[in-house]
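Reviewing the structure listed below.
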Amino acid sequence: NNCWHDFITASQNNPNSGWEAKAVEFFKDHLKEKDAHTWVPSLNDVPLHYLKPNSLVKFRCLIQDMFDPEFYMGVYEAVDPSTKAKVLRCGKYKDVTECGVRSLPNTVTAERQTFYCVPIPGENPWVKEISSSCLGFVQARVVPSTSYAPTRQKRSYEEDDDMDDMDTQMQREPHTAGVQAGPQSPTEQHGNGDCKRRETEAPSSQTAPASHLDLNFPLPGEKGPSCLVKVYEDWDGFKLNDTLEVFGILSVSPALSALADKKDASSSLLDPTECMETAEEQRVHSPPASLVPRLHVLYAKPLPHNNPLLPSATLEDNSAFLSSTLSEMASVRAELLTFLTPILLGDALAAEYLILHLISNVYSRRDVLPLGKFTLNLSGCPTVASYTERFYQIIQQLVPSSYYLGMSLQNMNQMRFVPKKDYSANRLVSGALQLARNTSLFLDETQLEQGQLDTAGVRNVTALGNLITWQKVDYDFNYHQMEFPCNINVLIASEGRSLLPSDCQIHLQSQITPPHMEEYLSSIHVHPQASQLNKFRMYLSVARLLNYSISDEVTKSVEDDFVDMRKDDPQSISAEDLHRMLVVARLLSLSLGQTSLSRDSWLRAKHIELLRRSRMEQHTCVNGNEP
Amino acid sequence: MSSPTSTPGGRKRGRNTNPSTPSSEGPTSPPSQRRRGQDSSTGDLMPMPTSPATDMLSPAAPQDNSLLSSPRPSVLPNEVDMSSPLMYGTPSSRVEGTPRSGVRGTPARQRPDLGSVRKAPQVDLQSDIRYSPFLVQKRFLQRFIDLTSTEDENAGLDLNEPLYMQKLEEISVVGDPVLNVNCLHVQSFDAELYRQLICYPQEVIPTFDMAVNELFFERFPDSILEFQIQVRPYNALKTRNMRNLNPEDIDQLITISGMVIRTSQLIPEMQEAFFQCQVCAFSTRVEVDRGRIAEPSVCRNCNTTHSLAIVHNRSVFSDKQMVKIQESPEDMPAGQTPHTTIVYAHNDLVDKVQPGDRINITGVYRAVPMRANPRQSNVKSVYKTHIDAIHFHKTDEKRLHGLDEDAEQKLFTEDRVQTLKELAAKPDVYERLSSALAPSIYEHEDIKKGILLQLFGGARKDFSQTGRGNFRADVNILLCGDPGTSKSQLLQYVYNLVPRGQYTSGKGSSAVGLTAYVMRDPETRQLVLQTGALVLSDNGICCIDEFDKMSDSTRSVLHEVMEQQTLSIAKAGIICQLNARTSVLAAANPIESQWNPKKTTIENIQLPHTLLSRFDLIFLMLDPQDEAYDRRLAHHLVSLYYQSEEQIEEEFLDMAVLRDYIAYARTYINPRLSEEASQALIEAYVDMRKIGSGRGMVSAYPRQLESLIRLAEAHAKVRFSEKVETIDVEEAKRLHREALKQSATDPRTGFVDISILTTGMSATARKRKEEVAQALKKLIQAKGKTPAMKYQQLLEDLRGQSENAITKELFDEALRALADEDYLTVTGKTVRLLA
C-alpha cells in the first residue's frame, strides 16, 4: 500500500510522463493475479477507522444511486509551503487539493462520476463471515497501521487538540476488538462506533449526528458502510443496481464532511453559488467522510455472483473447477433433495421444485419477455409454529442474499417497495425492491390478514405483480416513471393460491398430520454441517451460472410431444404451459449439471409437471372455490 | 475587456449607412412578452464587448471586409475610458457606450447571464483585425432571409424580407427589447461567426447587442425602449443531451433539453455596490467581480482610509433564480438514473419556467471552483457547474392545446434517413416491419399488421372549416381472446416501442386516472390539473389491458376520446377541453374466461356496441388448435429459449430501426388520396353495403369507410409514399375484412354481419327473436282465453312446439317483445294477458 503513495508523490511533479496509465495498469494487473485481491482489506469487513486513509481498499457493493458527474482539477498548480516554489499537482484519485490552489491556465479540468454504493442488500451472514475469514491475516496487518504517526497528519488540523486522548484510546482498541473485527457483527462494535464518532466529530461539538443520517439502504435494518465511489473512466458501462467489487483509494478527509455546519449567513449572502443547494442535498451529497467514505476507483469488477465460495475467475476460465463441480452436481443435488424434503414436510416433489426455483435466473430478455424466471408459489403452508420463518431461515443458509418480506397488511401499506426520487435532496430514496441480481425474495403471504389496502398498499401489490411477471420495477421519478429491469427470485409461501401471479404453483402435500406439526417442526435440524452447507451453496451458485443449449433433435422431439399432447386434448396444454415446461426442463438439466437438454430430462420435466398438475386438480376438487 | 475604449466603430472609419437596409412593414406579432418589470433603472454600462479587433481570432474571411467597409461617417463614441469614474453618473450620461443618439437615451441593462464584464477573457485570442464579428453581425441582421421559416414566432412576417429587420420593427412597435436569434440562421449565414458565437459567447454576444442597437436606433431613432435591446441566441446547433456535457463545453454556448424539477425563490444578486465615504460623503460604485466586491479602502476624494460604507438601497441588484433541470426520460440510456444540472435564470427569465416543464435551454456552461474554506488551505478539488441561461424554450407549451410538430421532430442523421429510405424502397417492407414487431410473439400476422398500421396512423385532416372539426387520424384496435394468448405481452411491447405510450390496466384505472384530475399542489397550494393516461399519450398510443374489467363510468369517457379525440373536464371550477389524439390499443378477455365460439363478440366480451363500433379493427386472438400451427409454435418457443446472444442483439437493432422508421414516417410522410385510390375506396364501400343489402341488412356504415381510409393512409405511410394508391386500399380492405371475419361473424349463420358490432345484435338474431315472439303469440292464442299462465309451463309448451332449441334467454326476450306490444305482462312466475 505504501508503494502507491510513494509512487504518486514521485510522479506528481511531471504529469505528462504518462505515468497515470501505467500506474492504473500496474494495479489492474496485480489485482487480477490470483489471490491478490485477498490481501486488500475490504470495507465490508474491516471497520472504517481501522483502515489507513489513502490506502488501497476494496468494497463489495451495489450501485444504489448515481449522482451527477463532477468536474475536478485534474492537474493544478500549487505553491509548495516549504520551498515556496510552484509545483504542478495531480488531483486525480483525490478529493482535496493540497496547499493553496490558484485558478491558473495550467489547471486541467477533468470529469469523473460519483456513484452512491451500499453493501449488497440482503447479503446473508454466512457470506460476510466467509469472505471476511479469508482476510483474517490482512487485518492483523492493517490494524496496527492506524496508530502509525504518519496517518495522523492526514487528519484535519482542527483535531490536533484531541489527538492525545484519542491516541490512547486507539491503542487500547486493537487489543480488544481488532483481531476479531471482521466476523463481528456491526452491533457488537458499539464501542468502536463511539470511538469513530469522537475521532471526526469531536471538534464540531454536535450531538450524535450520525444517527440522523439516513444511509439509504434498500432494506430496513441493514448495516454496513455505504460509500461514495468515484469512477474515472467508462462510467457509462455501469448501471443502477449493478453489483461490483471496487478496488480503490480510500479517502476520509474530514474536510469533506458537509459544509453545512461551516456555512453561516454572511458567506451565503456573498456567495450565492453555495446557498443554491438545499441543506438536505448537501447532507446527502457530502455526508461526513467518517460515515460515508469516498473511494476513488482504480479498478471495478462487476460481480456475476456474490458467493465467496466460488473461485473469483469466471467459470469459462476455470475449466478444472468447472468439470470437477459438474461431475459432482448430480450427487449434491440428491443430497440437497434429501435435506430439503423434511423441511417441506416430506414432500419430495415440492423440494424438487424448490431446487429448480433456487437456481432460476433471468438469462435473457426477448423484447419485453424475461426468459428463465421461475417464480414459485408454495401453497398449503401450515400457519402453525411460524413455519414460514423457519423455512426462510433454511433458504437464508443456502443463498448468498435473500430477504424475507412478511406480507402483513401493515407492511404492505407502510413499507416503501419502489424507489422514489427525492428532488429536494436530489437522490433516489431506496425501496425494498431495489435488490441485486439473483436475490431471493421470500414473500410470506400467510402473514396477510383481512383489512384494507390503502393507495400505497395497492401500488405495492402492483409493483410486486410487475416484478413477478415482467421482472422489472418502475421507479417513481415523480414526473414520470422509469423502468428498471431486475432479476429477482420470488418465492411466495401462502395458504391457498397466492393473490400474486406466479410462474408455477405447487401445493404442499404434508406427510405429517396436523396435530404433530409443531412437534415435527421443532425437531427439524435447521443447522446442518458446515461442509455440507458449503457444498449446497456452491452447487446452487454454479448451477445458475451454467450455459445451456438445446440440440436440434431434442427440439424436434419437444415439438412432436407438444403436437401430440395438443392432439389428444387441446385444452390440456397451452403455449403458456409449453413455456413453463421449457423452463422446467432447462432448470432440471442445469440442476443435474447437464448443459444441454437431453431427451431424458425433457421426459422427466414433463413427468414432474404432470404430477404437479394432477395434484393441483386434486386440490381444486377438494377445495372447490379455487379457480 | 475592462476598458472598452475601442469599439468596433472606432476601427471602422468611414462606413456608410447601410444602403441595403430593407424597409419591411410586416405585420407584427408580439415576440415573447416581458413578464417582469425592470427593477434596476440605474444599470451600469452596457457590458462592452471585448474589442473584437483584439480578441477575435479569425482565420476565415478577411476579404469579406472589403465588401463591408463601405465608407461611413460614423459617430465615434468612447473617446473616454468607459470604466473611469467620470463615466458614472445619471443613467443617461452613462450610456454613451453605444454609438447613436437614440441609443444614448436608452439605458443599457446588465447581462448577468454573460457574467461579469470586467472578468478577464478566458481565452487569449490573437486577433485578425480584418475580421469583425460586429460587422458580420450587422450584415447578418440586415440581410438574413429565411425562406423556409416554420417557427411560430415568425408567423406573420414576410419571408422574403430580411427576418431580423422585421423583428426589430416589431420591437419598435411592441417595445420589448429582446431579440431572439436562431443560431442556425447565423450558421447558414456565416460559419465563422457561428463558431465564435458558440466558443466565445461572453465576448460575441455583447458585440451582437451593439450591432442590434446601432441598427435599431438608426432605423427607429425616435422609438423609446426601456432598455437597450439584448440578443438572445438559441438553438445552438448541437441540441445536446445533458449526459454529453464535458469539461470542453465550459464557457461555451450550449443548448440542452430537459425537464424542470425545481425552481428556487428569487434571489437578489448584487451587481454593483454603492459606497459612500462617511467623512466627505463622496460616493463610488464598485462592480461585483466573480461574486466578490473589492471594498475600496481609501476614499479618493478625501484620502481617508476605511471610511467607505456600503449603502444597500443604492446598490444595484438583479434578479436571479436557480432552476434545476433533469434529463428527459427519452434521452436516457437504460439502467441509469437521470442527471441533473443547475441553471441560473437572470432578470426577466426568472419565473419563466415551472417545475414539470419540458424545456430547451440555451446558455453558457460554467464551472466554478468550490469555495475554499478561508480557514483551510486545502480545498475540495471539485468544480460546481451550472448554466447561465440566455434563452428558454418550452417544448411542451402547446401540447395540451394544439399540435406541436416542433417538439415531435426527432433529428435524424443523413445516414439514418438513407437507411430508412432504402428500407422503404424494398417491396416487402410491410412484411418486414410487421415481422420485426414483437418477434417473441408467435404468428398472428394480421394482428401485427394491424398494430403496425396503428403505429403509423392515418393522415390528419382538418375539417373545422366545415364544422366537423378534426377528423380522427388514429387507428383504434381491440384484441380479444382467450387468456394467455400473449395479448398483454403485445401491449407491453407496443408500450415499450413508442415514445409517447401509456400502459394502464382496466382493472386498476379509474376514469380519473385515464382522463385528468384536479389536485392541490403540495408546495404551492394551488389547484393544478394533473393529466391522466389518455391525455399523456396524446399523439401516442394508449394501451389498455383488461378493457372489459373497466367500470362503466370509466368506459364512458372513452366514447368522447375515441371519436372526437378530446376530453372535456369540468371539475373544481376548471372547465376545459383537452386534446387526446391517442390511438387506443385495448385487450379484453371473454366474460366466461374461455372464448365461446357459439356466441358473438359482443356476447363474449360484454362491451357496449357503441364503444366497439369505435374500434377500427377488432381481432380475436384464439388458440387455433391445428397440428401444423402447434408444431410451428413449439418450434418458435423452443428456439426462443436457447437463441444465441448475437441473434438477440440483431433483433434489438431492429427495434431501434423500427422505432426510427415509425417516427420518420409519422413526421415527414403525409399521404393524400390519389384519384384511383378514392375510386377503389368508393367501390369497396359500395361492395360492402351490397353484401348486406342482399339479405336485407346493412353491412357497412360511414365509420367503416373512414376506417378504410385511415388504414389505407397508414399503409401508404409504411411505404413512405406521399400518395395513397390502390395497393394501399387493397391491403386496408383485406385487413379490415380479415378483422371483421374474426369478430363480426354471426355464429349462427356463419356470415359476416357488421350489425353485431354496430347494434350489438346480428340481423339474423333479431329476426329469430321476432319469429320466436310470433310463435309464442300463436301458442298463447291457441290456448284460448286463459287470462294467466304459468311461466314454466309456457316455456315447456313452446319448446315442445318449436323445432329449434329455445333457450330461456330467447324465451324471455320473446316475452319481453310481446310485453312491449302490450299483449301481456309478466309478474313473477305468472304470465297475464292484457286486453
Side-chain angles (χ1 to χ4, degrees), chain A residues 65-66 68-73 76 91 94-101 103 109-111 236 239-240 255-256 262 270-274 276 364 366-369 371 423-424 426 428 462 470 477 479-480 482 484-485 548-550 555 558-559 562-563 566-567 570 574-576 578-579 582 586, chain B residues 246-247 250 259 261-262 264 267 269 291-292 320 322 324 329 333 335-342 356 367-369 371 373 376-386 438-440 442 484-486 489 492-493 496 508 623 625 627 630-631 633-635 637-642 648 651 655:
Chain A
D65 194 3
M66 294 165 147
D68 294 328
E70 60 186 24
F71 293 172
Y72 67 98
M73 293 175 225
Y76 60 90
K94 281 181 188 160
D95 283 305
V96 178
T97 61
E98 292 158 24
C99 321
V101 183
S103 62
T109 312
E111 192 180 3
D236 287 339
K239 292 196 162 136
L240 201 69
L256 295 171
K262 292 174 194 156
L270 281 175
D271 191 0
T273 52
E274 235 175 286
M276 286 306 146
S364 157
R366 293 290 303 249
D367 39 74
V368 290
L369 190 72
L371 297 179
Y423 282 111
S424 65
N426 195 15
L428 189 66
T462 319
W470 306 112
F477 279 81
Y479 302 99
H480 59 97
M482 237 159 67
F484 285 89
Y548 175 73
S549 66
I550 305 179
T555 308
V558 168
E559 284 167 36
F562 181 67
V563 173
R566 298 266 294 182
K567 219 187 280 172
S574 68
E576 216 174 328
L578 182 59
H579 265 291
L582 284 166
R586 175 194 145 90
Chain B
N246 60 47
I250 289 173
M259 189 172 68
I261 50 169
R262 273 173 79 83
S264 75
I267 305 156
E269 192 185 39
R292 281 171 187 275
K320 179 171 174 177
M322 183 199 70
K324 214 164 213 187
Q336 308 214 336
T337 58
H339 287 175
T340 55
T341 303
I342 294 172
V368 187
R371 182 147 288 279
N373 185 336
Q376 265 180 309
S377 61
N378 289 357
V379 200
K380 277 179 96 169
S381 60
V382 176
Y383 292 99
K384 285 198 166 194
T385 53
H386 68 265
S440 67
Y442 185 61
T485 42
S486 50
Q489 207 187 317
Q492 276 281 346
Y493 180 87
N496 278 303
D623 247 351
Q625 296 171 3
E627 197 182 315
D630 289 348
R631 181 168 295 280
L633 174 68
H635 185 80
L637 290 185
V638 176
S639 66
L640 193 68
Y641 273 85
Y642 77 98
I648 290 165
E651 264 154 25
M655 192 157 163

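We name chains A, B, ... by the order of the sequence lines, and we start the count at 1 in each one.
In terms of heavy atoms, Gln336(B) sits closest to Met482(A) at O-CE, 3.3 Å.
Of the possible polar contacts, one joining the Thr337(B) side chain to the Met66(A) backbone as a donor-acceptor pair under 3.5 Å is found.
Both the backbone and the side chain of Thr340(B) have a heavy atom closer than 4.5 Å to some heavy atom of chain A.
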